[in-house]
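Atoms within a ligand are numbered from 1 in the order they appear, just like the ligands themselves.
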Amino acid sequence: MIPITKPFMPPQKEYEEYLKGIWQREYLTNNGPLVQGLEKDLENYLKVDHMRFVSNGTMALQIAIKALGLEGEVITTPFSYVATTSSIVWEGAKPVFVDIDPETLNINPAAIEKAITPNTTGIVATHVYGNPCDIEAIEKIANQYDLKVIYDAAHCFGGQYKGQSVFHYGDISVVSFHATKLFHTTEGGGLVTCDPELEHKISRLRNFGHDGPGEFDGVGINGKNSEYHAAMGLCNLKYIDEIMERRKNQWLRYISLLRNENTRGIKLNPKAHFNYAYFPLIFESEERLLHVKQSLEENEIYPRRYFYPSLNELDYVEYKPAPHAESISKRILCLPLYHGLKAEEQDQIIGIINKYELAKVS
Ligand SMILES: *Cc1c(COP(=O)(O)O)cnc(C)c1O
């Protein structure tokens, strides 16, 4: 069986070393030494100013929306994971969908500008599959119309834009450390900002609004994460270069094997350094996708329709047409890609896809 993904597992002994420390200190959560250590190590590794560790990526999105005071209309992409949209709705704002660029699959900056109204307060854009958005264009629009920008950078660990961590951009960048992501802490997420005041606000928001033991500053939530999760992150961070190198080689292997004239990949941002987090394939039609998916599943290979459906079609949002996002979400399939995936398994997967294609042609 080949699943879409498997979590990276560090050597168990290394995790157990951290457990010993936890047992000695009897300090399990509430901004403990491992949480603080992980934040420091991530800031150093990524060369970002402030990284705050929270319970998951969705919580990070919600805290970001709250911290920046987004309300009214928030312009966002229909081509992302559901958490991007649900967080906006959960925080009481209205998601306004604009279409994506059909080549990069990221939000189209020109469409953002057209959707701005006096009620617009911000933009929530996703760097889809780890491929950064047209950040320069989005920044320009945000400055011109005085809008806040949150990047859902859940897929972007290790990615760069113009020579800096992609998390450096936007008022806040949000990342997920879920078990399925390139770098993980089992469950977990992070908020990155360059603004120290915003960083303080994020720290208060994730801790019930506490500003000292008996002081509160605003409505907070419990977005804290534990020493156990931080320990997993500290273990995994030691292997991140190896993880990223392997992922790149696997990605390039897929590309070199694929003989499919009727599929395409995504166009990578030339100003960015891609992290090779996902391997999406865009088919000519949904029918072809379903055929290939079925052939793979018959061989116990489980690719994933990701992202599907297009988020503007959710039943709790106001529908606005987004033809590119709607069409692509029906025709895109992510192939298995994870640290333990073997070269022979990749060959088998591509063999099935190529065979289907040849049968179709002849
Ligand atoms: C994974 C993911 C999230 C949610 O992160 P969790 O840590 O699972 O809550 C949000 N947005 C995108 C694009 C994601 O891929």
May I ask you to decide if the ring planes of Phe307 and His155 are parallel, tilted or perpendicular, using 30° and 60° as cut-offs? parallel
Pair listing, salt bridge (charged side-chain N to carboxylate O under 4.0 Å, His left out) test, anchored in residues 190-205, at least two apart: Arg52-Glu199, Arg204-Asp217
Among residues two or more places apart or on two chains, list those pairs meeting ring pair (Phe, Tyr, Trp, His ring centres under 6.0 Å) that have a residue in residues 80-122. none
Arg264/Glu284 salt bridge by N-O under 4.0 Å criterion: no
Atom pairs, nitrogen or oxygen, ligand 1 to protein, under 3.5 angstrom:
unit_1, atom_1, unit_2, atom_2, d
ligand 1, 5 (O), Ser176, OG, 3.3
ligand 1, 7 (O), Gly57, N, 2.7
ligand 1, 7 (O), Ser176, OG, 2.7
ligand 1, 9 (O), Gly57, N, 3.3
ligand 1, 9 (O), Thr58, N, 2.9
ligand 1, 9 (O), Thr58, OG1, 2.6
ligand 1, 11 (N), Asp152, OD1, 3.4
ligand 1, 11 (N), Asp152, OD2, 2.7
ligand 1, 15 (O), His155, NE2, 2.8
ligand 1, 15 (O), Lys181, NZ, 3.2
ligand 1, 15 (O), Tyr306, OH, 3.1

Restricting to pairs with a member in residues 4-25, which pass salt bridge (charged side-chain N to carboxylate O under 4.0 Å, His left out), not counting sequence neighbours? Glu17-Lys20
Taking the side chain as every heavy atom from C-beta outward, state whether Ile100 and Asn108 have any atom pair closer than 4.5 Å. no
